[in-house]
Amino acid sequence: MTDLSRILPDFPTARYANLLPTIEREGLTTADLLTLQVPDIGKRTQLPLLGIKRLCAAVLEALHVDLGVSDKQQQQQWQTEDEIGTDKEPSPGTLRHTGTELLAEPTRFISTLDPDLDHALGGGVPTGYITEITGESGAGKTQFLLTLLLAVQLPPPHGLGRPALYISTEAPLSTRRLSQLLSRNPFFQSLPASSRPTLDNIIGTMTPDLESQEHILTFQVPVEVSRRNIGLLILDSVAANFRAEYDRGAASGANLAARSAALVNLGHLLHELARKHSLAVVVANQVADRFPGSALKSSGAMVPPPTPYQLPRVSQESPLAKRSKGSGPPIRLSGLGAEPPSSNNSVADLVRSSMPEPPPPDEPPAPPALLLDHQQRWFTGWGDAYPYSYPSSSGSSEHDLKTPSLGLIWSTQIASRVALWKRPVYGRKEVLDDEEGETTTTLRNWRRWMKVVFAPHVAGTGPGLDGAVEFEVTMGGVRGVDRDKGKKGKGKAKGKEEEEEEA
């Protein structure tokens with residue numbers, strides 16, 4: 001088979017030398033052996049059914065042993081324990097590590113070299129997981145990544161004392177900016193020259209297309225990680241090659257299915273590297289503008305829904321109870337038959353009395369709770385502030401809503417998502433023209449925030465900008481700011497930021 005040696009490198013292929021060449025010639029994969037029926041495989045390969053059955057059972061058992069859930073392996077362990085006189089009770093199957101053992105293992109982090117940012121991240125960027133840093137252009141994603149490339153070389157607790165690997169899909173690694181961080185960052189300046197990070201411990205490469213990216217991650221990166229003991233793997237950015245490969249022309253069902261499969265494969269490769277080598281995987285992701293779905297359309301126009309958790313207003317009254325109140329004119333009965341109502345209005349009243357009342361026209365119904373338009377606010381990082389913001393008919397809202405690229409499929413592949421926000425700061429500028437003073441509003445600067453959307457080791461920072469850490473990009477890297485105290489610290493709430501903008 002084409003993928004058996006990759007999935008199970010230690011599989012005893014010599015025992016099935018009479019079967020594997022034919023199976024490989026027919027293009028059957030390991031997944032086919034596990035999912036197809038033995039007679040179906042026999043029809044395609046014209047091989048003995050008994051041999052195919054034994055091969056399928058051997059592949060399944062080898063996968064169980066590799067995952068640590070093999071019953072035969074556990075029984076052998078029980079027999080060994082019985083021989084040495086232990087009284088351990090058997091269990092039907094076991095994993096490599098229990099939840100208690102995993103929690104007992106210390107998690108190592110890579111610092112951002114700022115105490116407030118590290119506090120919000122629960123200590124920094126953890127090893128063994130895939131962490132995504134997402135935000136629009138100019139939000140500071142690359143500055144975070146460059147800082148991590150240097151910080152991972154520091155000894156614990158700030159780093160791992162290991163080199164870093166940087167994979168770029170858009171622009172080459174900025175060595176000039178790295179040299180600037182080394183010379184201007186206060187933390188690096190406080191270290192002796194022999195203990196400072198160096199550019200020699202940073203390995204960089206570029207993947208101009210999705211094919212080369214998959215080849216490098218599958219074959220070259222595992223070898224380089226094992227050879228150099230890499231502690232940090234950065235992919236900047238994860239969405240560029242996927243957009244170039246799958247977003248050309250009209251999107252079709254087959255195109256989306258192929259992209260989803262490629263995303264799952266990428267997530268599996270990165271997760272295996274992080275788990276096997278105990279390194280931190282950090283990916284940068286782009287964002288796109290969020291537009292409302294069909295659930296928010298009413299009469300062909302976009303309308304904002306009401307306050308959260310408000311369901312459509314319907315009548316809670318029984319139609320029979322309402323009919324008994326005599327809301328319409330009484331129906332006169334004569335003899336054995338019933339006389340019809342005297343007017344058409346009475347018939348309409350009877351029909352309306354048996355139907356729930358529609359919602360008022362000025363209060364549109366809230367979106368269904370199971371739609372992606374409603375749920376993505378809690379895992380994208382935008383739109384979770386109360387009251388919830390919805391795009392209007394013009395495609396914009398009070399604060400433009402963003403959505404990380406690659407959709408829900410990629411969101412299920414990562415363990416942590418860190419969102420970077422930015423907002424403009426405007427000021428007033430006086431312009432003198434022919435002795436008549438004119439005042440215009442110009443862009444002075446940007447304000448930036450970092451918020452943890454979800455993570456396995458630390459709680460999220462909260463809805464909107466509540467609890468988010470405001471930071472700034474300086475010559476020495478990123479650092480938290482506190483505008484009230486005029487020094488480094490935690491960013492304040494959203495209300496104070498809005499007051500400053502209004503002023």
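All residue numbers in this chain count up from 1 along the given sequence.
- Looking at Thr131 and Val283, their side chains never come closer than 4.5 Å, going by heavy atoms from C-beta outward.
- Between the Thr461 side chain and the Val452 main chain, a donor and an acceptor come within less than 3.5 Å of each other.
- Counting heavy atoms from C-beta on, the side chains of Leu154 and Leu191 come closer than 4.5 Å.
- By the 4.5 Å heavy-atom criterion applied to side chains, Thr30 and Val59 are counted as neighbours.
- Counting all heavy atoms, side chain and backbone alike, Val281 lies closest to Ala274 at CG2-CB, 3.7 Å.
- Checking Trp410 against Glu132 by side-chain atom types alone, a donor-acceptor pair falls below 3.5 Å.
- The two atoms that bring Ser405 and Ala288 nearest to each other are OG-N, 4.5 Å, heavy atoms only.
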For residues 7-22, run the donor-acceptor check on the side chains, cut-off 3.5 Å, and write out each pair with its distance to 0.1 Å, sequence neighbours left out.
none

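- In this structure, Arg479 pairs ionically with Glu472, as a charged nitrogen and a carboxylate oxygen lie closer than 4.0 Å.
- Atom OG of Ser260 sits about 12.5 Å away from atom CG of Asn265, to the nearest 0.5 Å.
- The CZ atom of Arg162 sits 4.5 Å away from the CG atom of Asn229 when rounded to the nearest 0.5 Å.
- Ser237 contributes atom OG, which lies 8.0 Å from atom CZ of Arg243 (distance to the nearest 0.5 angstrom).
- Nearest approach of Leu121 to Val458, heavy atoms of both residues: O-CG1, 3.9 Å.
- Under 3.5 Å, the side chains of Thr169 and Asn241 contain no donor-acceptor pair of N or O atoms.
- Ring geometry for Tyr246 versus Phe242: interplanar angle under 30°, hence parallel rather than tilted (30 to 60°).
- A distance of 4.0 Å separates CZ in Arg177 from CG in Leu181, rounded to the nearest 0.5 Å.
- Using modelled atom types and a 3.5 Å distance limit, the side chains of Arg417 and Ser411 yield a donor-acceptor pair.
- Interatomic distance, Gln153 CD to Leu160 CG, rounded to the nearest 0.5 Å: 10.5 Å.
- Residues Asn285 and Ile133 fail the side-chain proximity criterion, which asks for heavy atoms closer than 4.5 Å.
- For the side chain to side chain donor-acceptor pair (under 3.5 Å) with Gln286, the lone residue among Lys141, Glu136, Glu170 that qualifies is Glu170.
- In this structure, Ile230 and His277 have side chains that are not in contact, with every pair of non-hydrogen atoms separated by 4.5 Å or more.
- Within the 4.5 Å cutoff, no side-chain heavy atoms of Val453 are placed close to those of Val418.
- Counting all heavy atoms, side chain and backbone alike, Gln46 lies closest to Lys43 at NE2-O, 3.0 Å.
- The shortest non-hydrogen separation linking Gly231 to Ile110 is O-CD1, 4.2 Å.
- The heavy-atom pair separating Gly464 from Asp384 by the smallest distance is N-OD1, 2.9 Å.
- A donor-acceptor contact shorter than 3.5 Å is absent between the side chain of Thr218 and the backbone of His215.
- Ring planes of His457 and Tyr129: parallel class, angle under 30° (limits at 30 and 60°).
- Put simply, the side chain of Val225 does not reach to within 4.5 Å of the side chain of Leu233, judged on heavy atoms.
- Between Arg44 and Asp32 there is no salt bridge, since no side-chain nitrogen of the basic residue lies less than 4.0 Å from a carboxylate oxygen of the acidic one.
- The only option from Ile234, Asp236, Val221 that meets the side-chain contact (heavy atoms from CB on, under 4.5 Å) definition with Ile167 turns out to be Val221.
- Ring pair His158/Phe109: centre-to-centre distance not below 6.0 Å.
- A heavy-atom distance below 4.5 Å is not found between the side chains of Leu33 and Leu60.
- Figure legend: cation-pi geometry between Lys402 and Trp382 absent, as NZ or CZ is not positioned both under 6.0 Å from the six-membered ring centre and within 45° of its axis.
- For the atom pair CZ of Arg259 and CG of Leu266, the computed distance is 12.0 Å after rounding to the nearest 0.5 Å.
- Considering only residues two or more places apart in sequence or on other chains, Arg228 meets the side-chain hydrogen bond (donor to acceptor under 3.5 Å, both in side chains) condition with Glu224.
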